[in-house]
Structures are given as structure tokens and as C-alpha cells.
2 protein chains.
Amino acid sequence: MLTVFGLDGIGEITAGDDLGAIIAKVAAGHLENGDILLVTSKIVSKAEGRILRAADREQAITDETVRVVARRDYPGGVTRIVENRLGLVMAAAGVDASNTPDGTILLLPLDPDRSARQLRTALREWLGVEVGVIITDTVGRPWREGQTDIAIGAAGIRVVDDLRGQTDASGRLLMVTAAAVADELAAAGDLVKGKTSGRPVAVARGMAHFVTEEDGPGARALVRNAERDMFRLGSDEAFAAGFAAGRAAGAAAE
Amino acid sequence: MLTVFGLDGIGEITAGDDLGAIIAKVAAGHLENGDILLVTSKIVSKAEGRILRAADREQAITDETVRVVARRDYPGGVTRIVENRLGLVMAAAGVDASNTPDGTILLLPLDPDRSARQLRTALREWLGVEVGVIITDTVGRPWREGQTDIAIGAAGIRVVDDLRGQTDASGRLLMVTAAAVADELAAAGDLVKGKTSGRPVAVARGMAHFVTEEDGPGARALVRNAERDMFRLGSDEAFAAGFAAGRAAGAAAE
């Protein structure tokens, strides 16, 4: 059985706050060994001081961008889907302007896997519990309406449950099944945390079999290498690149 | 609080089985008003007799395909990512060869939203409970390793929690947030059902605020129209189409 519940009482987080101590305080008496803590990246960013003036938003997106994947212009602006320095493909590079103090924007944590490891260590030291930690963020997806939460940082958790080589109930080999456990946990957490509740931390219980002794590779292991990705570039962008190459090839052939 | 637990005792499903009656039997005493039933599409397909000979797999994929989105050839085969007749973009059109009787494959249910509505009605009639129903399937995703479960059918559930127009904790308007609730519930269910357990049905409790009186538009509402999708075509396929168009344009310009 999986149980997911929110932790109340975290309050507003500002730059320099000791997030591990703050979460430990509200989690005292509520956390057990084998629990998985689901932490909205927004409060990690705030504690780490990853805050900028809203006027600098476009420049911030550019700075966070490694590679533009797709863009769409509309009257008054542009949507950029980019691969950011964490390898995550996200609208606006993950730069966030909601639930931030007026006139400010938030960047993603500098290294969410490290942030997760630090929170894990803090909870061990404050509360004496061995838990997994996932840092979550909200993303859009190709082909589907609506957003879901995914894991952008993780520590002490098997982020992918690789079943390849195992057999199904009828003894047949499972060929391609590797469940993105950390993303599924992040999604479950979003159902409890919500976007309007001001409750940025939840606990998932009953999944101790995914909690590991070592911190592990983190959520970075969930990022697919762009070279292996059939959707590494937006359809319009790929068409335009092909068109230019075709035109040049046609001219050269003359 | 969200609780997700599996229902045991469903056993092997074969064509013609009354799935509503079978689920009602194992769910008796375990279901409450406001629960959401998460049903793996595989057993719906089996009950509906959506089974073919494995030898006919490639033809079956072709028959289920509305539009090829991307393909990749490898020694001994081809992976086709396609939009199927349900509007879902999936590898092999969702045609499944795992957890099926030897020498057979399974097609997706003919109309998973209808299947969900029928199960909902059956549970109301057998057990007198008002629940939501989600039919789930497992999919790969661009940019991310590992698969997650999504909702391919739904009844009696608000599949997207549209927060646009609402305000966040600091009173600021939420601009682009619409949570794909049914997909997040499907993901949570996968954590409990697993792929090797032979436990194809789970119950999500604590989310009654997403359960609706009417059956609603179903999971079809989670399908984004391809014309609005920045990733409606694979990068290689879009490049090739652009190249051909560019070459022709270059030739015409000479």
C-alpha cells in the first residue's frame, strides 16, 4: 500500500534558510525509516537564494539554456522549450514566476541531486531516520494536455525500477519495462501538495523497497541523452533545418 | 491524504469475462464512495477479446495506426512511434506482447472511455458505490528514461485540474497550471500494481474531490491535438520532410 500525505507548517522560505532544519522540525514524529520525502523545488530554490528580478526573466532563460529545442512566437512574447543545464527539457528552462515574491522569478536549484543529498543527510542527523528524498518540479509534456510533476533531484532512491530480464506473471521475459519510479512518486506527491495549498512537502510511505542505502546517481539518471532521443528537436525546427540543408544540397547539385 | 492499495484475487481474464462483475466481487467491502479505481488496460483488452496471433503483430500495429510520428530501424526490426486511433502517441501503437498467452498479442480496448463508463456502472449496480474509474497503460516519454502509466480511459473523474484563473498562496494568478490528475493517479497506481505482481487493479482513496457525478469527457480530453503539438513529428522525420521540400524549392528557384 502507498500512502502520501502532506506536511503542514513549513511557512515562507527565504534565502539562507536552513531547509533541512525547517523540514526536520515539521516532520518530527511523522517520518519513518523507508519513507520518501517529496519536496517542491521552489522552496529549495528559495532557500538557496536562486532568485532574480522579474525584469531579467528572458536573460535568465537564455542563461539557463544549453540548447533550444523548440520555440513558438505569439503576440507579445515567445515560448521557448529548451534543454537546460540540468539536461531537463522544459518550457522557459524551468524559470518560474508563480508563487514567488512580487517582481521576482526563481531559477531551479543549482544542483537538485546535491540538494536532495543534503536534505537526506539533514533528516538523518536531526531525526535519525533513513529516508529517500525527491525534489520535484512541474512540466508540460508532448502529446498530452496538462502538466505532471517529475523528479529533478533525488537521493537514496532507485529512480528507475529496471525490470528488463525479469519475467511477468506468465513467466515471459519483460522486454522493455523500466518504470520511472521517481517520476511516478513525484506525480503522486503533486496530488497531495497541489499548487494552491502552500504545502510544498509531502511524504510517501509504503515504498521502502525503492529506498537505497547509498545516495545513488540521483534524478540525473532519468534524463535521456539527446542524441538517443527521437524528439530531441521540435518538429518545426527540424523541418526548417532540413529545408535549409535540402535547399543547399539542391543548389550544390545544379 | 492519498492512499493507493491493490485488489487481490482477480485471476486470469479471458475473452467474454464480465469484468465488472469480477472486479465487483474482489472489491466488495473494499470500495467506498469517492474512491477511484485504477484498472490496467490489459485485462480490459482480454475481457473484450482484443487478442490476435503474435504472427500478425506488424499488421496489427499498422491497422491501429492513424499517423506515423517517428520510426527507427535496428537490426532485425523497427520501432514505430505512432498516433493510434485513440489519439495516443505510443510505441507499437500500444499493441502489447507481454503478460499475454504464448503466441498472442493484445490490442488496446476499442474505446477505453466507454470501458471505464461500463465498469463504473457495474460497480454502482453491484456494490452501490459512486467511484471514478481510470483505465491505465504504460508509455515511454520523450526526454526521460523509463516508462510511466497514463490514463487512456476514464469515467466519473475530472481528468485535468484546471487552475488557470485561480491564485497561488501569495494571491498571484496561476498562468499555465492545469494538472493532469488522471495521469498522476495512473502513475501512483503503477507503484502499487507493478508489472510483475499479477495485480492489475488498484484503488486510490482520498481524492474524492476529483470524482464527478457525470461520467464526463473521459481520458480523451488528455490527448493534445497534433496540430497544436510542437512535437507532432519525430526530429529525423521532420528534418527529412524539410530536406525534400527544400530540395524541391531549390530546384524550382533555378
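Every chain is numbered from 1 and lettered A, B, ... according to where its sequence line falls, protein lines coming before strand lines. None of these values were measured; they are calculated from a predicted model.
Contact between A:M230 and B:R72 at its shortest, heavy atoms only, is CG-NH2, 3.2 Å. Summarising the geometry of B:G234 relative to A:F231, their closest heavy-atom pair is CA-CE2, 3.6 Å, with the distance given to 0.1 Å. Of all the heavy atoms in A:I150 and B:R144, the pair that sits closest is CD1-CZ, 3.7 Å. Annotation for B:D190 and A:A179: closest pair OD2-CB, 4.0 Å, computed over non-hydrogen atoms. Taking both residues in full, the closest heavy atoms of A:A187 and B:A187 are given as CB-CB, 4.1 Å, listed atom of the first, atom of the second, then distance. B:P142 approaches A:D229 most closely through the heavy-atom pair C-OD2, 3.7 Å.
For B:A70, the parts lying near chain A are the backbone and the side chain together; criterion is any non-hydrogen pair under 4.5 Å. Neither the backbone nor the side chain of B:R205 comes within contact range of chain A, judged by heavy atoms closer than 4.5 Å. Contacts of A:A241 with chain B are made by both backbone and side-chain atoms, with heavy-atom separations under 4.5 Å. Of the two parts of B:D183, only the side chain, counted from C-beta on, holds a non-hydrogen atom closer than 4.5 Å to a non-hydrogen atom of chain A. For a residue to count as touching a neighbouring chain, one of its non-hydrogen atoms must lie under 4.5 Å from one of that chain's; by this rule A:L185 touches chain B with backbone and side chain alike. For B:A221, the part sitting under 4.5 Å from any heavy atom of chain A is the backbone (N, CA, C, O) and nothing else. Residue B:M207 touches chain A through its side chain alone, counting heavy-atom pairs closer than 4.5 Å.
Across A:A151, A:A240, A:G6, the residue that shares the most heavy-atom pairs under 4.5 angstrom with chain B is A:A151. Most heavy-atom pairs under 4.5 Å with chain A, from the set B:A226, B:G242, B:A204: that is B:G242. Considering only heavy-atom pairs separated by less than 4.5 Å from chain B, the leading option among A:V223, A:L88, A:V69 is A:V223. Of the listed residues (A:R232, A:E237, A:E83), the greatest number of heavy-atom pairs within a distance under 4.5 Å of chain B belongs to A:R232. Each of B:L222, B:V181, B:V159, B:T79 has some count of heavy-atom pairs under 4.5 Å with chain A, and the biggest count is that of B:L222. Your options are B:S235, B:A188, B:G146, B:A180, and the one with the most heavy-atom pairs under 4.5 Å with chain A is B:S235.
How far CZ of A:R141 is from CH2 of B:W143: 11.0 Å, rounded to the nearest 0.5 Å. Here the OG1 atom belonging to B:T148 is positioned 5.5 Å from the CD atom belonging to A:E184, to the nearest 0.5 angstrom.
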* Start with the C-alpha distance between A:L2 and B:T3, add both sets of side-chain angles, then the distance that settles side chain to side chain contact (heavy atoms under 4.5 Å, CB included), and finish with yes or no. => CA-CA 6 Å; A:L2 165 68; B:T3 308; over 6 Å; no
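Of the charged side-chain nitrogens involved, at least one lies within less than 4.0 Å of a carboxylate oxygen, so that A:E145 and B:R228 count as a salt-bridged pair.
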